[in-house]
Amino acid sequence: ALPLSLKSKYYAKNALVYTLISLGLLFTAKVIFAQEQPRTITMVPPSTDKQLDAGSTTEGKLKLINDSNTALTFTASIKDFIVEDNQGTPKILPDNTLAPKYSAAAWVAVTPSSFTIPAGKSQEISYFVQVPSDARPGGRYAAVVYEPTDIINVKGTGAGVNTQLASLFYIRVNGPIAEKANVKRFF
């Protein structure tokens with residue numbers, strides 16, 4: 001048996017732990033109940049590969065499907081992207097930051113650029129690609145970025161995260177390309 005002074009320290013310590021756990025559970029419950037309904041959106045296709053000649057054009061359709069329980073309003077914009085890792089994870093770039101040698105954002109346009117998709121419905125988006133006549137052979141990259149226009153409101157304690165979705169365009173301009181690589185380190 002523990003002496004009385006050690007027992008009260010033990011119970012005081014455990015009471016503090018139980019109080020902290022209870023507060024943590026209460027906070028978690030508040031965050032869960034404060035959240036809005038989840039947004040479920042499907043893009044078809046998620047990426048598009050095109051091989052085009054300099055000076056040529058092409059067009060096609062993209063589709064967003066709203067599987068959520070509420071209508072969602074989006075704006076669509078064209079951005080450049082790069083891939084920074086070996087898994088092919090795209091990183092959307094701010095406007096005018098990618099070197100023109102790889103940028104295709106100015107070549108792509110979409111319509112409509114703003115739209116509302118009712119719950120359980122879909123929206124077709126038309127895209128147009130126009131390759132300049134002086135485009136050099138090689139790969140170019142662009143993304144159609146969809147952003148919901150509604151603001152996520154969190155009541156009480158919590159955090160809101162706005163979504164960004166993107167349909168990726170990989171455009172290869174036909175022509176002779178000189179590709180080379182150097183081994184920097186061998187181990």
Side-chain angles (χ1 to χ4, degrees), residues 35-36 38-68 70-118 121-154 158-181:
Q35 292 177 353
E36 292 184 2
R39 296 175 176 176
T40 307
I41 301 132
T42 305
M43 294 181 307
V44 180
S47 66
T48 303
D49 293 323
K50 296 288 181 182
Q51 279 194 300
L52 302 167
D53 293 323
S56 66
T57 61
T58 189
E59 57 187 67
K61 301 280 186 194
L62 303 169
K63 185 190 287 188
L64 280 183
I65 303 166
N66 179 3
D67 294 316
S68 302
T70 59
L72 297 173
T73 300
F74 291 90
T75 58
S77 59
I78 312 301
K79 305 274 186 186
D80 288 312
F81 77 93
I82 58 172
V83 175
E84 290 186 319
D85 59 19
N86 293 337
Q87 288 77 37
T89 307
K91 177 183 176 186
I92 305 297
L93 300 174
D95 293 337
N96 304 316
T97 56
L98 186 62
K101 181 177 181 181
Y102 304 108
S103 174
W107 301 0
V108 181
V110 294
T111 187
S113 60
S114 181
F115 50 88
T116 299
I117 309 173
K121 301 291 181 184
S122 64
Q123 171 72 45
E124 274 196 354
I125 298 100
S126 298
Y127 70 82
F128 307 92
V129 179
Q130 183 172 0
V131 180
S133 57
D134 62 347
R136 292 181 156 181
R140 305 291 193 291
Y141 313 99
V144 179
V145 179
Y146 311 101
E147 291 185 78
T149 59
D150 58 330
I151 298 171
I152 296 176
N153 293 319
V154 177
V161 178
N162 271 340
T163 318
Q164 241 186 16
L165 304 163
S167 296
L168 304 178
F169 280 78
Y170 301 94
I171 301 168
R172 184 174 175 96
V173 179
N174 295 323
I177 300 171
E179 294 179 346
K180 66 180 185 176

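Computed from a prediction, not measured in an experiment: that's the story for all the values here.
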- Just wondering, do V108 and I171 contact through their side chains at under 4.5 Å, heavy atoms? yes

- All side-chain hydrogen bond (donor to acceptor under 3.5 Å, both in side chains) counterparts of S68, not counting sequence neighbours: N66

- Please check if the side chain of D80 supplies one atom and the backbone of A105 the other of a donor-acceptor pair under 3.5 Å. yes

- Evaluate whether atom CD of Q130 has more than 12 neighbouring non-hydrogen atoms of other residues, nucleotides or ligands under 6.0 angstrom away. no

- Message: So, using side-chain hydrogen bond (donor to acceptor under 3.5 Å, both in side chains) as the criterion, who are the partners of S133 when residues are at least two apart?
- Response: none

- Minimal non-hydrogen separation, L168 against A143, with atom names: CD2-CB, 3.8 Å

- Task: Might you work through the side chain to side chain contact (heavy atoms under 4.5 Å, CB included) test for T48 and V129, ending with a clear yes or no?
- Result: CA-CA 11 Å; T48 303; V129 179; over 6 Å; no

- Item | Side chain to side chain, P137 and N174, heavy atoms closer than 4.5 Å | no

- Query: Do you know the tightest heavy-atom contact between I92 and A166?
  - Reply: CD1-CB, 4.1 Å

- Contact check, side chains of Q123 and F74, non-hydrogen atoms, under 4.5 Å: no

- Query: Which atom pair, heavy atoms only, marks the closest approach of I65 to S122?
  - Reply: CG1-CB, 3.9 Å

- Please walk me through it: do R172 and I177 pass side chain to side chain contact (heavy atoms under 4.5 Å, CB included)? CA-CA 11 Å; R172 184 174 175 96; I177 300 171; 3.2 Å; yes

- Message: To check you understand the geometry: which heavy-atom pair defines the closest contact between A76 and V110, and what is its length?
- Response: CB-CG2, 3.9 Å

- Of all heavy-atom pairs between F169 and V144, which one has the smallest distance, and what is that distance? CE1-CG2, 3.5 Å

- Query: Would one find more than 12 heavy atoms of other residues, nucleotides or ligands at under 6.0 Å from atom CZ of F128?
  - Reply: yes

- Query: How far apart are the C-alpha atoms of K61 and S126, what are their side-chain angles, what is the distance that settles it, and do they pass the side chain to side chain contact (heavy atoms under 4.5 Å, CB included) test?
  - Reply: CA-CA 5 Å; K61 301 280 186 194; S126 298; 2.9 Å; yes

- Task: Evaluate the criterion ring pair (Phe, Tyr, Trp, His ring centres under 6.0 Å) for residue pair F81 and Y170; output intermediate values, then yes/no.
- Result: CA-CA 10 Å; F81 77 93; Y170 301 94; 5.6 Å; yes

- For T116 and P118, the nearest pair of non-hydrogen atoms, with its separation, is O-CD, 3.6 Å

- Message: side chain to side chain contact (heavy atoms under 4.5 Å, CB included) for K63 and I125? Distances and angles first, verdict last.
- Response: CA-CA 6 Å; K63 185 190 287 188; I125 298 100; 5.9 Å; no

